Number of protein chains: 2
Amino acid sequence: MSTKATLASVAALAGVSISTVSKVLNGREDVAEGTRRRVREALSQSGYQQPGQRHSSAASVLIDVAVDSVTTAYYAEVMEGILECAQTQGAEIVLSKTGGTRPSVAERAEKMQASGRRGLLLVTSRWSPAEIREVKRRGIAVVVIDPINPPGRGVTSVGATNWAGGKSATEHLLGLGHSRIAFIGGPQSAECSQDREHGYVAALLERGIQVAEDYILAGGFDPETGRRGLDQLLALQTPPQAIFAASDSIALGVLAEAQTRGVAVPEELSVVGFDGTYISELTSPQLTTVAQPLRDMGCTAVRALLREMDGQRADSARVELATQLLVRSSTARAR
Amino acid sequence: MSTKATLASVAALAGVSISTVSKVLNGREDVAEGTRRRVREALSQSGYQQPGQRHSSAASVLIDVAVDSVTTAYYAEVMEGILECAQTQGAEIVLSKTGGTRPSVAERAEKMQASGRRGLLLVTSRWSPAEIREVKRRGIAVVVIDPINPPGRGVTSVGATNWAGGKSATEHLLGLGHSRIAFIGGPQSAECSQDREHGYVAALLERGIQVAEDYILAGGFDPETGRRGLDQLLALQTPPQAIFAASDSIALGVLAEAQTRGVAVPEELSVVGFDGTYISELTSPQLTTVAQPLRDMGCTAVRALLREMDGQRADSARVELATQLLVRSSTARAR
DNA sequence: CTGAAAGCGCTTACAG
DNA sequence: CTGAAAGCGCTTACAG
C-alpha cells in the first residue's frame with residue numbers, strides 16, 4: 001500500500017459511500033448483505049486499520065492463546081515455547097482458558113476485534129471446525145496445536161509425528177524382548193492418541209504379533225486412566241509385560257498403581273510414556289518416554305500465526321515435528 | 001465526570017487553546033514548561049482518554065501478568081486463579097515470563113503504555129523495589145503475589161500465612177511423636193521460605209526442643225534441593241526421623257531420593273511438603289503438605305489490581321490468606 | 001438500504 | 001510560545 005487506507009479510499013474501492021463503510025465497521029444492521037461483503041473485502045484488501053487500533057510503534061502485536069488447562073506439564077511446556085518465540089518476534093500473548101464456561105465464539109471474536117487482535121492460537125482446543133471457521137470469517141488468523149479434532153480445511157495445525165513416536169516406543173519394548181505389550185490411550189476421539197495407537201499396532205504387526213483387543217485401553221490423558229488401566233490389565237489371564245502409555249500423565253498413574261500393588265518397575269513391568277514433559281524426569285524410576293518437541297511446537301505455531309496475520313499464505317496446512325525416544329529407567333529387558 | 005472529556009473541555013479547564021492541549025498530548029516541543037504542566041494536570045483531572053485507547057465497550061481491560069516460570073505447578077495454579085477471576089471480572093491477561101533476557105523495566109512500561117495497559121501483576125518476581133517504583137511512576141498499578149523480596153512501600157502484595165503454615169506442619173510431625181525434624185528450605189533470600197522456617201523453629205521451641213543447626217538446609221524450590229538435602233541429612237550422625245520441605249517440589253526430590261536409597265516413606269521417614277499443588281497428589285505415597293490457597297491468591301490479586309486501576313486506594317498493603325495442613329500418606333507415627 | 005450533508009474531535013501550518 | 005483557522009477522518013440523523 002503506497003498510502004494509508006481511509007474510509008474514503010475503502011469506499012471508492014468498494015464502490016459505495018463513506019457512510020456505508022462506516023456502518024459496516026460499526027456493525028450497523030441497515031446494510032444489505034451483499035454490500036456488507038463487498039465492503040469487508042475492500043477493508044481487508046486495503047489493509048484498513050481502525051483508528052483506535054493503529055499500533056503506535058512501541059506497542060506490540062498481540063496474539064490470543066487459548067489453552068484447555070494451565071496446570072498440566074504438557075500445556076506448560078508448549079506455553080513456554082510460545083512465550084519465548086513471541087518475545088523474540090516482538091509479539092505479546094493474551095492467555096485464556098477454554099473449557100468450563102468459556103465465552104461463546106462470537107463473544108471472543110468480538111472482543112478480539114474490539115481490541116484489534118487478529119491472531120488466535122488454539123492449544124489442543126475442542127473448538128469445532130465450524131467455530132474455527134466462524135472466527136476466520138471475521139478476519140482472525142487461526143493456528144491449532146495438536147488438534148483433538150481435525151481443524152477443518154484451510155486451518156494450519158502444528159503437531160508431532162505421533163504415529164512414528166508410537167511405533168518407536170513399541171519397537172523399543174519389542175527390542176527388549178517383550179511381546180505382551182499393552183497400550184493405554186487418551187480420549188478415543190483424540191486424533192493424536194489414535195495415531196500413537198496406530199503406530200503401536202503397526203510395530204506389532206511388523207513383528208507378526210497378533211494384536212490383542214483387551215490389551216488396548218482408552219480413557220483420558222490423566223493419571224487416573226493409568227491407574228485404572230493397570231488394574232484392568234493385571235486382572236487379565238495373561239497380563240502384559242510392558243505398557244505403552246499415550247502420555248506421561250497416564251504413565252505416572254501406571255507407576256503409582258504399580259507401586260501400590262508392589263509390582264516392580266522395570267523388573268516386572270516396563271512402562272513407556274509419551275510427551276517427555278518434566279514430569280517424566282521426576283518419577284522414580286525415571287520414565288522412558290517419547291518426547292515431543294513441545295517448545296518447538298509452540299514456537300512453530302507462533303511463527304506460522306504471525307505469517308498468516310501478515311497476510312501471507314501458510315507454507316503448509318499441517319506441520320509435524322519429529323518425536324524422539326528417551327530411554328531411561330522404567331523399561332528393562334524381558335526376563 | 002458527568003460528560004466525556006474532550007480536547008475542548010480540557011483546554012477550557014487549563015485556560016489554553018485546543019491546539020496547545022493537542023501539542024502537549026503529541027509531545028511537541030513548542031510548549032512552555034508551565035503551560036505544559038497546567039495542561040497535564042487538566043488532562044488527568046478530567047480523566048481524558050486518548051482516542052486510540054478508549055476501550056470500545058466490547059473490548060476488555062487487559063492486565064499484564066509476569067511470572068518467573070510457567071512449567072511449575074505453583075505458578076500454574078496461581079495462574080488458574082488469575083485467569084478464572086479475570087474472566088469473571090471481564091478482564092483479559094497478557095502473559096509474559098520474567099527471567100532470562102527479560103526486557104528492561106522501561107521497555108516493558110513503554111509497551112504497556114503504548115497499548116493503554118495500566119495494570120501489572122507480578123508473580124514471585126525478582127523485580128526490585130526500585131524497578132516497581134519506576135513502573136508505578138508511569139501510572140501503572142502493580143500488585144505482587146508472594147514477593148521474593150519485600151516489594152517496597154505502597155505496593156500491594158498477596159501471600160499466604162507462611163509462618164503459621166510452617167508451624168502447623170512441624171506441629172503435625174511433633175504430634176506423631178517425632179522430635180528429630182529437619183527443614184529443607186528454598187532460596188535463603190526468599191521471604192516466604194524464611195517465614196516457613198521461622199514457623200518451624202517456633203513449633204520446636206514451644207516444645208522445648210533444641211534447634212539443630214545441621215537440620216536446617218536451604219537451596220531452591222526444586223527437586224534437586226530435596227535430593228541433595230536428604231543425602232546430606234542421612235549422612236549426619238543422628239539423621240532426622242522427619243523432614244519438613246518448604247515446597248512440594250523439594251519434597252518430591254526427597255521422596256525420589258528416599259526411594260533410590262531404599263528408605264521407606266513414611267515407615268522410616270516422614271515427609272511434609274508445602275504448597276498443595278496437584279503434584280502432591282501424584283506422588284506415591286501421596287504427600288502430606290501445607291496447602292496454600294494458590295487459586296484464591298491469584299484471584300485476590302486480580303481483584304486488588306483492578307481496584308487500584310480504578311483509582312481506589314488498596315484496602316491493605318498486604319493480604320495473607322490462610323494455609324491448611326493436608327494430612328496424607330507420607331507421614332506416620334514415630335516408631 | 002443508500003448516501004449527501006452536518007457536525008465532532010483532533011491535528012497542523014502558519015500568523016502573530 | 002500561543003491560538004485562529006483550515007482541514008482530515010470519522011459518525012450519524014435524515015431525506016429519498
Side-chain angles (χ1 to χ4, degrees), chain A residues 1-59 109-118 137-139, chain B residues 1-60 110 113-118 139:
Chain A
M1 282 142 286
S2 49
T3 174
K4 205 177 142 251
T6 65
L7 282 210
S9 70
V10 174
L13 186 59
V16 297
S17 73
I18 291 178
S19 316
T20 303
V21 179
S22 174
K23 283 176 191 169
V24 170
L25 276 175
N26 293 296
R28 288 285 151 85
E29 299 289 322
D30 58 343
V31 178
E33 216 23 74
T35 312
R36 185 184 302 275
R37 216 181 34 250
R38 279 212 318 289
V39 170
R40 276 255 142 80
E41 220 157 87
L43 281 168
S44 75
Q45 221 178 82
S46 63
Y48 180 78
Q49 293 276 350
Q50 299 249 40
Q53 293 164 17
R54 105 205 102 196
H55 16 238
S56 55
S57 56
E110 206 173 323
K111 266 194 183 173
M112 290 183 62
Q113 279 188 308
S115 329
R117 279 138 48 190
R118 290 172 22 259
R137 210 181 304 128
R138 291 176 185 251
Chain B
M1 284 140 287
S2 50
T3 173
K4 205 177 140 253
T6 65
L7 280 210
S9 70
V10 173
L13 186 60
V16 298
S17 74
I18 292 179
S19 314
T20 303
V21 179
S22 176
K23 283 176 190 169
V24 170
L25 275 175
N26 293 296
R28 287 285 151 87
E29 299 290 322
D30 58 343
V31 180
E33 218 21 77
T35 312
R36 187 184 299 275
R37 215 180 35 248
R38 282 214 315 291
V39 171
R40 276 256 141 79
E41 221 157 84
L43 280 168
S44 76
Q45 221 180 80
S46 63
Y48 179 78
Q49 292 276 351
Q50 299 251 38
Q53 291 166 19
R54 106 201 104 193
H55 12 237
S56 55
S57 56
S60 38
E110 205 174 325
Q113 280 188 308
S115 331
R117 279 140 46 190
R118 292 173 19 259

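Chain identifiers are assigned alphabetically (A, B, ...) following the order of the sequence lines, protein sequences preceding nucleic acid strands; residue numbering begins at 1 within each chain. Remember, predicted model here, so these are calculated numbers, not experimental data.
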Taking 4.0 Å as the cut-off, does a side-chain nitrogen or oxygen of A:Tyr48 come that near to OP1 or OP2 on D:dC10? yes
Looking only at heavy atoms, the pair that brings B:Ala11 and B:Ile18 closest together is CB-N, 3.8 Å
Query raised in the report: Would one find a side-chain N or O of A:Thr20 under 4.0 angstrom from OP1 or OP2 of C:dT2?
Result: no
Partner of D:dC14 under the Watson-Crick or G-U wobble criteria, both distances under 3.5 Å, comes out as C:dG3
From CD1 of B:Ile18 across to P of D:dC8 the rounded distance in Å is 18 Å
One should read off an interatomic distance between A:Arg40 CZ and A:Arg37 CZ, to the nearest 0.5 angstrom, of 11.5 Å
Rounded to whole Å, the CZ-P distance (A:Arg38 to C:dC1) equals 13 Å
Taking D:dT12, D:dT2, C:dC1 as options, the one with an atom nearest any side-chain atom of A:Ser22 is D:dT12
Per nearest nucleotide of DNA chain D, the residue lying toward the 5' end, A:Leu7 or A:Asp30, is A:Leu7
(message) Can you see whether B:Thr20 engages B:Ser17 through a side-chain donor-acceptor pair at a distance of less than 3.5 angstrom?
(response) yes
Exercise for review: Answer yes or no: does a side-chain N or O of A:Thr35 lie under 4.0 Å from OP1 or OP2 of C:dT2?
Suggested key: yes
Ignoring hydrogens and geometry beyond distance, is the side chain of A:Ser19 in donor-acceptor contact with the base of D:dT12 at under 3.5 Å? yes
>> Under 4.0 Å, heavy atoms only, any strand: does B:Thr6 hit a base, just the sugar-phosphate, or nothing?
In response: sugar-phosphate
- prompt: Below 4.0 angstrom, N of the basic side chain to O of the carboxylate: do A:Arg38 and A:Glu41 qualify?
  reply: no
message = With a cut-off of less than 4.0 Å, is there a side-chain N or O of B:Ser17 near OP1 or OP2 of D:dG3?
response = yes
